Structure formats: structure tokens, C-alpha cells
Amino acid sequence: MTQPSAVPTASADILPRLTALAQELAGAARPAAVMDRLARALSATFAPDQLAIVLLEMDLNRLVVAHNVGPAVTTDDPPLQLALRRGPLVFSTDVAARAAALGAVVVPPAPGAWMGVSIAALGNTIGAVSIAAGRPGAYGAAELDLAAAMAAMAAIALVNSRLVQLLSSGKREWELTVDTISHAICIIDAQGIVRRGNRVFADLVRVPVTALAGRPWMGLLPPTWSDLVARALADPGGPARELRQGDRIYLVGAVPMAGEVAGDAVLLFEDTTDKHRLQEQLIQSEKMSAIGQLIAGVAHDLNNPLASVVGFADFLSEAGEVPASLAEPLLVIRQEAERAANIVRNLLTFARKQEGERRPTAIRPLIEATLALLRNQLMSLKVDAELEVEPGVPEIEMNSNEITQVFVNLVNNAAQAIAAAGRPEGGHIRVTARPWLDGLAVSVADDGPGIPEELAPRVFEPFFTTKPEGQGTGLGLSICQGIVKEHGGRITLEPGPGVGATFTVELPRGTRTPRLTPPPPQLVAHRPLRLLVVDDELPILHYMRATLESWGHTVAIASDGSEALERALAQPFDAIICDLRMPRLGGREMYQQLAQKHPAVAERIIFATGDTVRGDTLRFLESLGRPFLHKPFTLAELRIVLAGVGGSAT
């Protein structure tokens, strides 16, 4: 029988076909491409009427039809199953009889010729090929050998393509994994050549990831880093070393690379800038907390003697027996004591940490207190400050402590900017308050060097600062902006290079219902009171007894809480004026014991204290719902408190 022209008849025809197929398969990187090239080669070589290829999908572990020409087939098709289990096989015109003899349950509808070969790799069958033609005697042993050779070549190509896929997938997974790590990673061989690096490292050295391999690490990193990086590579596994580049801080360390090649190492760069800033912020917070506690102690220690000075000055002024020549010195003593008390009060306001309520507040006293707080610092920097409040500026619903912090920061920044200019004559700060919409706007303008326009958009960013390193955290303006936004307002900047800068704080009036301030109690005469004064400061006990007795009251004194507790339980008192912080037994502890033993007497306590900087102190005083005196208090304030419990002012 004459063979079809498409089927080779001599080795001279077979070798070129196999060579061509090998070349095509060499360029097939995917399993689908391998099957496509195999199907084209089989079709061109054997001119089949039906060609089917099944392949095992590794991921799903199941057979799929990879190629089909002719009637549709499934993976359960008998010829394909026969090829998988028994191939290579070839049948001619007696296909049905031969198939039955081989145990096939079902045979194809008697083609003229059929071949079946399995696709096997590494000892495992991973697919099969079924080739059928209607020409009897079309395929024989030679054709079967050729088909088996083609299938074997395809099997090798399949294994290779899958290995390439695994390698590519592993490489991609490695890239995705290391690119998600925040550390900059670079692998360096023993000769100092970069083998690969992640995207963070590429961004660090400003080189594309694809251009890293093959370059010496010394040519990629900043020259100032060379010495420390070389030390890290010479001591892989040793301690990390700190590097600095501009305002960024890095830790660099080396880890020996596992494997057969000695000397390879992995360089790790960790950007610790934000961590350092957070640590500095924490340290600063701890410092401020310590300063707050220090201020509380200092204020208490100062307010006690100031209370005596103010009290005796008031007492002598009211006595009417002071010679005319001493009237003016006595007035100066009174005024200077009040001045010192205001300074302490400003310190307490600035250091107070408890959350204060928002209350309608006038802006003039608040800014005046701010400038008074900063007076000495402004004088040392040769900076003058003036305040102008236009008519019609309303009271604002605000947390006065927080808004004070805003203006302290703005005025302090302006003064430091003027000082940085180095002008011998110093400079000037102008604070102006004016009506704005339903609220007010306060501008803080200085005649310093100003802020460049390109930096102006960044001044409110956290951690951004134009001050030299170590002189600023970059948090002040961002915190101020947050405070003002919480109050429904905003801060704006008008940069003026060479002509100073102006920060403007705009605050709405607020939407809360204004609180009605109750009128002061009427000071009407009452019967004399029996009073107990408790304080560990003898001068305070002295002037309180002298003053209260001159008003007609009966006064007993105690120098600590233990003595006061015994007196309060032993005899009745109309009111007990008690210091809060005392040795042995403090005022709070005395109140708690008294409340357990005699609640009615405990309700007669009026506390006097020079320390409300601590939130727990203020909360305790406010929880009682009773008036309290803040040292140094005036005799007018003392009269009001006593009037509230039935006392009188004489």
C-alpha cells in the first residue's frame, strides 16, 4: 500500500522533523505552548483524521484534554485510556479484533489505522496521544517509534517548562515577599558585588531594581557609609551600626548567607527615623510630666508664703492703724505679692494636664497671661511684644489651657525666628485680635527673616522643623493645628521672606448655650462663727486667726490633719478651713476619715490649696460640690466663702 506523502519513510526525513520539533520545544516556556507545538508536529507528520492529547494538570491532579482535532473526545475516551495504560500501540484494519484481544472494553469505530503513545517523564505518565486515520495500513512500527519519540521530547519540554514556571513563580514570590519588608535588603557576594536587592534598597540608593545586580556596593551607597558598612560586612552577625543621611537615621547589619558559597552576606538597612522621633517625643513627654510635677511642688511652696504676705497686707490695710508714711510701702507689698501670685498662676495654667471644660472666655486676659508667662524669655532674646484687641471681639467657647498652649507656641516660635536672624537690635512681635465672622481671629506677626514660600505648605506637618537639629521636634505647630481644629477653627500662615511671618488663628464663637454666672452672695451680717483653721504653715495660721478674730469669729487652729480630726470630733465648728497638702495626715485623708465618723461635720470643710495642677486634686475638689480657696486668696474671697456658710464681713 502506498503511504501518504506526509508520513516519513526514511531516517533522512525523520531526523529533520525531530530536529525542528526539538528547536520549537526549546522555545516553549509554558505547558500549553509545548502541547501546541507537539500537536502541530504530529499533524504535519502523520496527517491524522483524528488527533487527541490529554495531559495531567499538576495543580489539580486531574486529566484534561489539551488538544483535539476531529470528533469531540473526553478524558474517558477508550483510545486515550488505552494509550495511557498500554501505549505505545499501533493497530491497522483489524482494529476491533486487536483491541478486544488487548482487553479494551470499547473500541473506536474501526478506523483504517490508529496509534496511541503515552507522555512519560521521570518514570511517571503525565499524558497520552491518540492518532487515528481512515487509511488502512497508514501507520506501522516506524510511525509508532516516531510518534513515541516526539511524545518523549514533548515530555522533557513539559518538565522543563514546569520547572521554569516554578522558578519564575518562586522568584516572583521572593520579590513580592522581600518588597513587602520595610527593611532595605541587599545580597552581596564575597567580591563585594551586589547579586540582588529588594525595592526598598533600590529606593534607598535611587537605582532601579533591575540595575542592582552586578554592581559593587561601594558604588551604590553614600561614601560616608562605606566605613561602617565595611565593618558590618567584616563582622556578619555582629551588632547593628547607626548611619545618618540628611534627617534620616538607619541601622545597618550583615547576616552571613547560608549556602555553599563562602563570603556571601545579606545587608539589612532599617530606617529608624520615626522610631527615634517617637522616642524623643516620649522623652519630651516624660520631661513635661516631670516639669508639671515640679511646678506643682514649687507652686505649693510659693503660694503658702504668698498667702501670708497677701493676707497680712490686706489685714493691715483694713486695720486703719497704719501710719500714712507706711501706706504706700504696704500697697507696693500687696501689688508685688499679687504679681508673684499671677506668675505662679500662669505657670499652673500652662502645666495643668487635666482636661478642662470649654467655657466662654475673653481673649485679652488669656493673651496677656501668655505674654506675661513669656516675658523673661522675650526680654532675653531682645524681642518686644505688643497686644492690640479691636472693639467688638466676642468671648469664645474654648478650653483656655489648650488655646493658651497654641499662643505660647506661636509667640515662642516668632521670638526664636527673630533671634535666629542675629540682629543686634532684636525684633518685634505684634499680636492683634479682631472680630471674624461670628468669632474672632488672632494674628501673631513678627519682623524676623520669614519663611520661604516653598517651605510654607509643610510647616504644619508632624516632625517638620526649620530649626537646627536638637532645637525642635517639629510637633508644635501640628499640635496647635489639631487643637484649633478641635475648636472648629483653623490656623493659616502668610509667609513673607525677608519681612517676617504672620500666623492667624481663627476661632468660631461656639454653639453651646452660654452659661449664666450666678451673682455673688450678698454679704449680710450674721452671728459670729466657730471656725477651725488647719494649716502646716504657722504664718498662715497667725494671719488667719488675727483676721477672723478681728471679724468677731471664734477661731481654733491645728497644724496638721490628725490634730484637726481630734478637734473636729471633740467640739462643734460652723466651718473648717483646711489646707489640702500637709504632713502626717493630709486634708483629703482627714476629710475621708471625718466623712466616715461624722458626715455632717465633713460637709462643713472648706479646702484651701496652692496646688491644682494635678488632675486628681482638681477633680477631688470639684467632686465635693463646695467652694474652695486657691492660695494666695484675698480677704474679699475669704469673706465670700464665709458668707456662703453663714459668715459675715465686718
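Worth knowing before you read on, the calculation uses all heavy atoms, side chains too, and leaves out hydrogens, waters and symmetry mates. Residue numbers run from 1 in the order of the sequence given. Fair warning: this is a prediction, and the values are worked out from it, not measured in the lab.
Separation of atoms CD (Q405) and SG (C480) is listed at 6.5 Å; rounding is to 0.5 Å. Considering CG of N399 and OG1 of T404, their distance stands at 8.5 Å, rounded to 0.5 Å. The distance from atom CD1 of I396 to atom OG1 of T361, rounded to the nearest 0.5 Å, is 9.0 Å. In this structure, CG in D535 is found 13.5 Å from CZ in R545, a value given to the nearest 0.5 Å. Going from atom CD1 of I577 over to atom CG of L548 covers 5.5 Å, rounded to the nearest 0.5 Å. Of the inter-residue distances, the one linking I451 atom CD1 with E494 atom CD reads 11.5 Å to the nearest 0.5 angstrom.
Legend: residues meeting salt bridge (Lys or Arg N to Asp or Glu O under 4.0 Å) with R248, ordered by chain and number and at least two apart, are D271. Residues passing the salt bridge (Lys or Arg N to Asp or Glu O under 4.0 Å) test with E390, sequence neighbours excluded: none. For V484, the side-chain contact (heavy atoms from CB on, under 4.5 Å) partners are V406, I491, V505, L507, not counting sequence neighbours. Residues passing the ring pair (Phe, Tyr, Trp, His ring centres under 6.0 Å) test with H542, sequence neighbours excluded: F312. The salt bridge (Lys or Arg N to Asp or Glu O under 4.0 Å) check on R241 picks up nothing, with sequence neighbours excluded.
Within the 4.5 Å cutoff, no side-chain heavy atoms of V601 are placed close to those of F573. With contacts defined as side-chain heavy-atom distances shorter than 4.5 Å, the pair L642/W551 qualifies. Residues W436 and V442 form no side-chain contact, since every pair of their non-hydrogen atoms from C-beta on lies 4.5 Å or further apart. Between V534 and R567, the closest side-chain pair of non-hydrogen atoms is not below 4.5 Å. Taking 4.5 Å as the limit, some side-chain heavy atom of L594 sits within range of a side-chain heavy atom of L565. Looking only at side-chain heavy atoms (C-beta outward), M544 and V555 stay at 4.5 Å or farther from each other. With a 4.5 Å cut-off on side-chain heavy atoms, I483 and I403 count as touching. Between L437 and E506 there is no side-chain heavy-atom pair separated by less than 4.5 Å.
Ion pairing of D536 with R581 is absent here, as no side-chain N (NZ or NE/NH1/NH2) approaches a carboxylate O to less than 4.0 Å. R430 and D384 are not joined by a salt bridge, as no carboxylate oxygen comes within less than 4.0 angstrom of a charged side-chain nitrogen. Taking the charged nitrogens against the carboxylate oxygens, E270 and K275 do have a contact shorter than 4.0 Å, which makes a salt bridge. Using a cutoff of 4.0 Å between basic side-chain nitrogens and carboxylate oxygens, R530 and D574 are scored as salt-bridged.
Within 6.0 Å of atom CD in E386, more than 12 heavy atoms from other residues, nucleotides or ligands are found, so the atom counts as buried in its surroundings.
Applying the side-chain hydrogen bond (donor to acceptor under 3.5 Å, both in side chains) rule to pairs touching residues 591-600 yields nothing, sequence neighbours excluded.
Not a single donor-acceptor pair under 3.5 Å links the side chain of R359 to the backbone N or O of M398. Between the side chain of H553 and the backbone N or O of L529 there is at least one donor-acceptor pair closer than 3.5 Å. Not one N or O on the side chain of E549 forms a donor-acceptor pair closer than 3.5 Å with the backbone of A546. Proximity of a side-chain donor or acceptor of T609 to a complementary backbone N or O of L580 within less than 3.5 Å is not detected. Looking only at distances, no side-chain donor or acceptor of D447 sits under 3.5 Å from a matching main-chain atom of G427. A donor-acceptor contact shorter than 3.5 Å links the side chain of S380 to the backbone of Q377.
For R244 and Y250, the positive end is not near the middle of the six-membered ring at less than 6.0 Å and at most 45° from its axis.
A donor atom on one side chain and an acceptor atom on the other are found under 3.5 Å apart for R434 and S443.
The minimum heavy-atom distance between M582 and S559, with the atom names listed, is SD-O, 4.5 Å. A pairwise comparison of heavy atoms in E368 and L387 identifies CG-CD2, 3.7 Å as the closest pair.
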